[in-house]
Amino acid sequence: MIEGTVPAAAVHVDLAPIMEAVASTAALYLLLCAALRFLGRRQLGQLTVIDLVVILLLGSAVETAMIHGNTSLPVGLASAATLLILNGVLTRVFLRLPSLSHLVNGGPMLLVNHGRVVEEHLVRVGMTDDDLLEALRSRGFEGPAGVKAAVLETDGTVSVIEEAHHGPAGEPSS
């Protein structure tokens, strides 16, 4: 059996750097969520190389600020836990308050209406005509002609509804 006292330094935990990391992580998480929401939304499945580089660099750029350069394990764990907890809390809040979720995540956006591209909506969501055409082609359309509606959903996918084809008497043709 080992006898003696445990040095105070062995059991002392300095909470100041941990609390700084928690506060910085939470602030940066909320700032980035807001900035990415208001700077436009693209199809999540069709990020360009530039989009991917920006996301990777954002992670690297904010990492040091979140932990104030302190690379100790407790500070890193506190920062990671803050991100996970804050994300979980916001997810639950959005489930209980759909109006707040709509404010933060936005709603579906009409991109094509009866064969016509809604240009101002493309600009608002940060898509180009080429992005839209690519999404339409991936769903079997050569372009907006024949599309009743194409909608950018909140999850970043594009839903496409085909125009009903009508015969000469206004009846659907087969």
Side-chain angles (χ1 to χ4, degrees), residues 22-63 65-66 79-174:
V22 167
S24 297
T25 300
L28 285 166
Y29 174 83
L30 295 173
L31 173 76
L32 288 174
C33 284
L36 292 173
R37 164 65 178 102
F38 292 112
L39 291 177
R41 72 183 165 170
R42 298 176 54 85
Q43 287 180 260
L44 298 178
Q46 295 187 352
L47 293 177
T48 65
V49 172
I50 293 172
D51 296 330
L52 181 60
V53 169
V54 167
I55 289 170
L56 291 173
L57 289 177
L58 275 174
S60 179
V62 301
E63 182 269 337
M66 288 190 310
S79 181
T82 301
L83 286 172
L84 294 171
I85 291 167
L86 194 53
N87 192 59
V89 167
L90 284 178
T91 299
R92 285 180 178 79
V93 167
F94 292 155
L95 287 173
R96 291 179 189 249
L97 300 170
S99 59
L100 182 60
S101 176
H102 183 55
L103 176 68
V104 173
N105 297 318
M109 185 70 68
L110 184 66
L111 303 176
V112 177
N113 187 20
H114 294 285
R116 294 182 179 250
V117 176
V118 185
E119 292 290 340
E120 58 270 14
H121 291 181
L122 280 182
V123 171
R124 187 179 302 163
V125 299
M127 286 180 70
T128 65
D129 288 326
D130 288 338
D131 294 333
L132 176 61
L133 291 174
E134 182 179 342
L136 293 175
R137 284 192 304 273
S138 73
R139 282 145 189 89
F141 294 88
E142 292 181 23
V147 174
K148 180 178 182 179
V151 178
L152 178 62
E153 305 291 354
T154 56
D155 67 356
T157 61
V158 175
S159 299
V160 181
I161 302 167
E162 186 176 9
E163 285 277 7
H165 298 286
H166 294 283
E171 297 177 26
S173 62
S174 39

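In this chain, residues are counted from 1 in sequence order.
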(request) Report yes or no: does His121 contribute a side-chain atom to a donor-acceptor pair with the main-chain N or O of Met109 at less than 3.5 Å? (result) no
(request) Give a yes or no on whether the backbone of Ala150 and the side-chain of Arg139 come within a donor-acceptor separation of less than 3.5 Å. (result)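 The answer is no, because no donor-acceptor pair under 3.5 Å joins these two groups.
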(request) Please report the shortest heavy-atom distance between Met127 and Leu152, naming the atom on each side. (result)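 The pair with the smallest heavy-atom distance is SD-CD2, 4.3 Å.
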(request) Write down the atom of Asp131, the atom of Gly126, and the distance for their closest heavy-atom approach. (result) OD2-O, 4.3 Å
(request) Please tell me if the side chains of Asp130 and Glu134 come closer than 4.5 Å, counting only heavy atoms from C-beta onward. (result)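 No, every pair of side-chain atoms sits at 4.5 Å or beyond.
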Starting at [atom1] of [X], measure out to [atom2] of [Y] and round the result to the nearest 0.5 Å.
{"X": "Leu83", "Y": "Met66", "atom1": "CG", "atom2": "CE", "answer": "5.0 Å"}
{"X": "Arg137", "Y": "Leu132", "atom1": "CZ", "atom2": "CG", "answer": "9.5 Å"}
{"X": "Ile85", "Y": "Leu90", "atom1": "CD1", "atom2": "CG", "answer": "12.0 Å"}

(request) Verify the neighbour count for atom CD of Glu142: are there more than 12 heavy atoms of other residues, nucleotides or ligands below 6.0 Å? (result)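 Open.
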N/O donor to acceptor pairs below 3.5 angstrom from side-chain atoms of residues 52-59, sequence neighbours left out:
none

(message) Here's a test for you: under side chain to side chain contact (heavy atoms under 4.5 Å, CB included), which of Val112, Val117, Leu111 qualifies with Val147?
(response) Val112
Counting only pairs under 3.5 Å, give me each side-chain donor-acceptor contact of residues 24-34, with atom names and distances, residues two or more places apart or in other chains.
residue, atom, partner, partner atom, Å
Ser24, OG, Glu20, O, 2.9
Ser24, OG, His68, NE2, 2.6
Thr25, OG1, Ala21, O, 2.6
Thr25, OG1, Ser79, OG, 2.8
Tyr29, OH, Asn87, OD1, 2.7

(request) Evaluate the criterion side chain to side chain contact (heavy atoms under 4.5 Å, CB included) for residue pair His114 and Lys148; output intermediate values, then yes/no. (result) CA-CA 4 Å; His114 294 285; Lys148 180 178 182 179; 3.8 Å; yes
(message) List the residues meeting side-chain contact (heavy atoms from CB on, under 4.5 Å) with Val93, not counting sequence neighbours, and say none if there are none.
(response) Val89, Leu97, Leu100
